[in-house]
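Below is one structure, written out as structure tokens; the observations come after it.
The model shown is predicted, which means the values in this text are computed figures rather than measured ones. Lettering of chains follows the sequences in order, A, B, ..., and the numbering in each one begins at 1.
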Amino acid sequence: MNTATTIKKKEKIVRRKDNWQLYLMLSPAVVLAFIFVYIPFGGIVMAFQDYKPYLGISGSKWVGWEQFKFMFEYPDSVQVFWNTLRISLLKLFFGTVSTLTFALLINEVRKKFLRSAVQTFVFLPHFLSWVVLGGIFLEILDPTNGLVNEALKVIGFDPIFFLGDNNWFVITVVASDVWKEFGYGSIVFLAALAGINPALYEAAQLDGAGRWKQTLHITLPSIVPTIAVVLTLSISQVLNVGFDQIFNLYNPLVYGKGDIIDTFVYRMGLVDGNYSFSTAVGLFKSVVSLFLILGAYRIAYKVAGYKIF
Amino acid sequence: MKKKAKIAASILAMSVGIASLAACSSNNGNSEEASPSPSSSSPALNIVDGKIDHAVTITTVRGEDPTATFKNGENYSDNVHTRWARDTLGVDIKTLWTSPTGDGSYDTKLKLMLSSGDKLPDIFVSTQQETTSMFIESGKVMDVSEAFEKYASATWKAALAETPTAWQPFMKDGKKYAIPVIRQNMGTQSPLWIRQDWLTKLNLQAPTTLEELEKVMDAFVNQDPDGNGKKDTVALDFGMKDAFLGYPIGDTSWIFGMFGAIPERWYPGEDGKLQYGSIQPGIKNALTKLKEWKDKGYIATDIALHDFNKVAETVAAGKVGMLGGENWLMVYPGSLMLASNPTAMYVPYTLPTGEGGQKTLRTIGVPYTSAILISKDITDEALQAFFHYQNTLYTAFESDDPFLFKGFQEGYDYVIKDGKADMSEQDIPGGKAATMKYTLTGAASIYPSKTLATDIKIAKGEELTGSDLASMATTGIIGVDATNPLELITRQATLVAMEQTDSDVPEYFLGSSTDTMSSRNELLKKMQMDTFTNIIYGKASPDEFDSFVKKWKSSGGDDITKEVNEWYDSVKQ
Amino acid sequence: MQPTTTAERSFQIFNQILMVFLALVCLVPLLHVLALSLSSSASVMSNQVTFWPIGLNFNSYEKALENPTFLPALGLSAKRTILSLAVSLLVNCLAAYVLSKGGGRDGIAGYKGFVGFFIVAMLFNGGMIPTYLLVTKIGLYNSIWALILPSAVNVFYLILIMNFFKALPKELEEAAFMDGANHWQVFARMFLPLSLPVLATVGLFMVVNDWNEWFMGSIYMKGDNVPLSTLLKSIISVPIVDASNASEVAKLNNRSIRAAQVLIGALPILLIYPVLQRFFTQGIVIGAVKE
């Protein structure tokens, strides 16, 4: 301990003398998070037990790393892991690009009425549940007489079994998710765009920069922090792909690329409510998330020179 | 750095401590308290004219049924039935909480109740086998064998004696830990439902063999039976999205059954031991045939996406020529099809014979729906009160008064007009409400043979006696409901099903999942779904089935078979 | 700011067409769902409905409205959404203000520790059972606070707000401190007004989440005291269809009720967004405060 302090010895930071109030301001969040998130962390030990609700955490049998061993040795777990990652990264990439592009484009619309109407409408798909959408997609993507395939036939293509072919399934899942969320997701970027100082644009206009140049040199750099924050936080969620969507659309034909961690855990749970196993999987996902978020943080710092926290 | 790790460790230790403390304190309810044992000379309740003097309170929790309707501002806790039970039986049913069943909330809450170590309610019903087993393992529910023997009425006992297997799921070490809520399973077997209007239009006969079935199938897709000029019908529909069995409408068991095996079912083989249907040789032929049918367009291109709802939709859209399904197919989804096409009609036929003229097999539903669990801490008074309540409902099968429950049914299920029950919606002030859903078990009390006898009389159009009508009293539907003519078809379908009861293969394994099942079932099931689906879609050759069987056996299937048979030996007398 | 060159004018036209197209792509399915919610059970199940109701009726809405607990549930939902918005916004903004100052001269000692504390809180959770035990043990069962406090700290929003705060011009803040303002005053009088766009965003997300969250309602509340989202969820929860309920299920028409549920779920954003709209228009905020 002593050596560490001597090595790291720096000049003492002199803080404002009323900075103790900052702790006061921080305390509600710390207390609430401690009570409602940290105290229940005790439940994580279930991952190392064979938990039975009636025995409780103190009474259930300890099994050590058994649940994790089971998880990693399970024949399908590797496939399911890669499926999750594949769908997730595709969603992340196309989702971010489309959301950002939309935000930039809608921001260019000068007609006030059109702008507000479009902005309101694009939020709407976010509220459609996948149970409802599942029914609609089954209908319009029907391989024999669905709307989409009728259209394909008209322009001379063979009908496609979108939900029954592994590759098309992934495409359908990614595309429908992008469609559903791009409008809602754009709100964050719109807020960031609204925060840009108009004086910057005025100056650029005086210099004779066109809209494209203004976007490139003012708009984008101004919202880089927001992009970095959103991307970093999304990357941490990479193993949570959206159970509801997959669950409502998948079927045995597309287990190959469509079966994800969450649907797998769901089917495991159907056999008998295995709390310990699902806790173990959850813990594994959280640890992966932690590494991902730290990685993303570093990358954001290196690439954009911005520390998000 | 070290310091940080220390802080983190202490925070973790603290939170673990607090949580396990909570769990600890919550578990003292688990101590081995003397449970009321009915054999000890407990005083009998003072029952005067069917009413317990000094009403006894029974606590319960219950799942909400989205099809239940309430009126007059009533709810599960306080309604015409609970008032009737309190005022005429002296049984005060106190509902601690309710939670919806359909989305699993009720089961979640039951498990949370168990985890929190709270005192269990006196009596409650569990519908999921997995939840029931958890309670049985917990040791917090009582062994009901003695109580049932001592307090249940002769009628109730006789009713349950007709379905001895209904007890099996709730047995542990030879003791019974729950009372099954039984149901009428005659009629859950598939007849072959055929669009009669299509048959007539194309001048065809109902098929009696596999070959004839294929001829009808061909006509149903290629001769434009719905007359819209488009090739948009399917000859046969069934569910296979999440499993191959378990779709009450769109049943596949008879299709495989034509080839002598039923997938996803445990039933005795020739040696009398239980065997798993999915790996029997007949399945291979069935899958080969299904592939052929799919190639010919007899079944839907997206059949792999068909589940119960999708099948119901396709039926409602009037696109399905034939399918297997329980006796109520015309009520749902048939009635929805009728709404847009009043001339459409499905008629139930006996199943055609299978490959090479062999007898076709099919499944039959289990004879129970749920389990009545009784807390170990129930007072003997409350226990007796519960049996008094339930026995009273079973008196319907001793009575010849159809209106013996009019105390809570009149004005809800029916109004009495000229000594008969009038069950039409508009005649009942404030609308119709099924009071059987207000009962403690949320279902009608059933005496299988008596209920069936009445159903048959109705199907045959015979005159009903007072006792026939009384045997229907617990359902609240007394006599033939003129407002629901489709129910008649339901009963006729039961008659058709009864002609082939030698085809019925029930599920023999009714225990909770075995050890190997817990760890391997998901894998084996996925393997099966994968193989079967790919064979039907031509993505794998039918010979893949043989390697599936090998892999199934070596990946835990053999162990499961052993465990299942151990269970079977333990319950079979 | 009128487009001047031909290139810009044609971009504007192209852009507007694209936007209208996107709006339609998002609107059309909603119209379909609206039509479903107003159609008869039979026409919905047989897939006849496109964008116009067939067999027009309001049964799905009535089914929800006639439920005796509908109005109390609506009230609870409204109360929960508003309370939760107030609590969450305040708690997260305060924390974001502190953390936005970093660990240096302007900030607090132990900054990194606190960031780690929140990141871990965001990524890990103890699971349903311990959280339930905690909530009930501290006496929140069946209390509206059980729907608010457990999710009050949202690290995602916290980080979002914090980064917005970081981008605010330092000079303004320093000038205020020079004039003798304390942290609370700087927070309330300067940071909050300057951050209206991000507050509107986060507020909107919170309202939408709280309005539609149903699980906490189903485990922490008694059956007759649940928020609207939980109630609707129970109305549409599909029963196992069997002989005893087939005729009721035929009347139930789940798909229509689900469709109605979607529209009820989207209601708050449809009501609030037009009001918040102005915060998403560029320049307004900084300009207003500069004044």
Side-chain angles (χ1 to χ4, degrees), chain B residues 4 7 15 18-19 22-23 26 64-67 69-70 73 75-77 97-105 108-109 111-112 115-116 127 183-184 187-188 248-249 308-309 312-313 316-318 326-328 331-333 335-340 365 369 434 436 443-444 475 484 486-487 490, chain C residues 40-48 54-55 63 66-69 110 112-113 116-117 120 126 128-134 136-137 141-142 214-215 217-219 221-224 226 230-231 233-255 257:
Chain B
K4 268 181 214 155
I7 294 172
S15 61
I18 293 170
S26 67
E64 296 164 17
D65 176 347
T67 60
T69 43
F70 290 100
N75 53 40
Y76 281 113
S77 320
W97 50 259
T98 65
S99 189
T101 345
D103 58 3
S105 301
T108 306
K109 278 199 112 159
K111 287 177 203 156
L112 287 173
S115 316
S116 68
T127 40
R183 67 159 178 167
Q184 180 59 265
T188 59
I249 299 298
F308 174 75
N309 278 322
E313 273 170 36
E326 296 191 6
N327 54 3
W328 42 270
V331 178
Y332 180 88
S335 62
L336 301 176
M337 171 185 73
L338 289 182
S340 44
T369 54
M436 66 171 172
T475 63
N484 206 345
L486 295 174
E487 293 283 0
T490 303
Chain C
S40 72
S41 188
S43 55
V44 171
M45 277 296 279
S46 53
N47 293 317
Q48 295 172 356
I54 296 178
K63 173 91 186 161
E66 77 190 5
N67 193 306
T69 46
K112 281 192 173 167
F117 173 85
V120 168
M128 174 184 72
I129 294 177
T131 316
Y132 171 85
L133 291 178
L134 175 84
T136 48
K137 288 272 148 48
Y141 183 71
N142 209 25
W214 62 271
F215 187 70
S218 85
I219 63 171
M221 306 302 270
K222 281 190 177 173
D224 53 356
V226 293
T230 310
L231 179 71
K233 178 92 179 153
S234 75
I235 292 175
I236 57 166
S237 71
V238 200
I240 298 163
V241 193
D242 63 19
S244 70
N245 63 12
S247 59
E248 277 97 348
V249 172
K251 289 179 216 147
L252 196 62
N253 193 3
N254 254 298
R255 274 180 74 179
I257 299 177

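Between the OH atom of Tyr332(B) and the CG atom of Asn245(C) there is a distance of 10.0 Å, given to the nearest 0.5 Å. Here CE of Met436(B) is found 5.0 Å from OG of Ser244(C). Values are rounded to the nearest 0.5 Å. To the nearest 0.5 angstrom, Asp224(C) atom CG is 6.5 Å from Ser77(B) atom OG. With values rounded to the nearest 0.5 angstrom, Asn327(B) atom CG is found 10.0 Å from Asp242(C) atom CG. To the nearest 0.5 Å, atom CE of residue Met128(C) and atom OG of residue Ser115(B) are 7.0 Å apart. Expressed to the nearest 0.5 Å, how far CG of Asn75(B) lies from OG1 of Thr69(C) amounts to 9.0 Å.
The side chain to side chain donor-acceptor pair (under 3.5 Å) check on Glu64(B) picks up Thr98(B), with sequence neighbours excluded. For the ring-ring contact (aromatic ring centres under 6.0 Å, His included) test, residues two or more places apart in sequence or in another chain that qualify with Phe70(B) are Tyr76(B), Tyr438(B).
Listed options Ser43(C), Gly223(C), Ala243(C) were ranked by heavy-atom pairs under 4.5 angstrom with chain B; first place goes to Ala243(C). Of the listed residues (Thr475(B), Asn309(B), Asp103(B), Leu338(B)), the greatest number of heavy-atom pairs within a distance under 4.5 Å of chain C belongs to Asp103(B).
For Gln184(B), no part lies near chain C; criterion is any non-hydrogen pair under 4.5 Å. If you measure heavy-atom distances from Ser218(C) to chain B, the contacts under 4.5 Å come from both the backbone and the side chain. At a 4.5 Å heavy-atom cutoff, Thr136(C) makes no contact with chain B through either its backbone or its side chain. If you measure heavy-atom distances from Ala444(B) to chain C, you find no contacts under 4.5 Å at all. With a 4.5 angstrom heavy-atom cutoff, Ser335(B) touches chain C only via side-chain atoms.
Taking 4.5 Å as the limit, every side-chain heavy atom of Pro100(B) sits out of range of all side-chain heavy atoms of Lys233(C).
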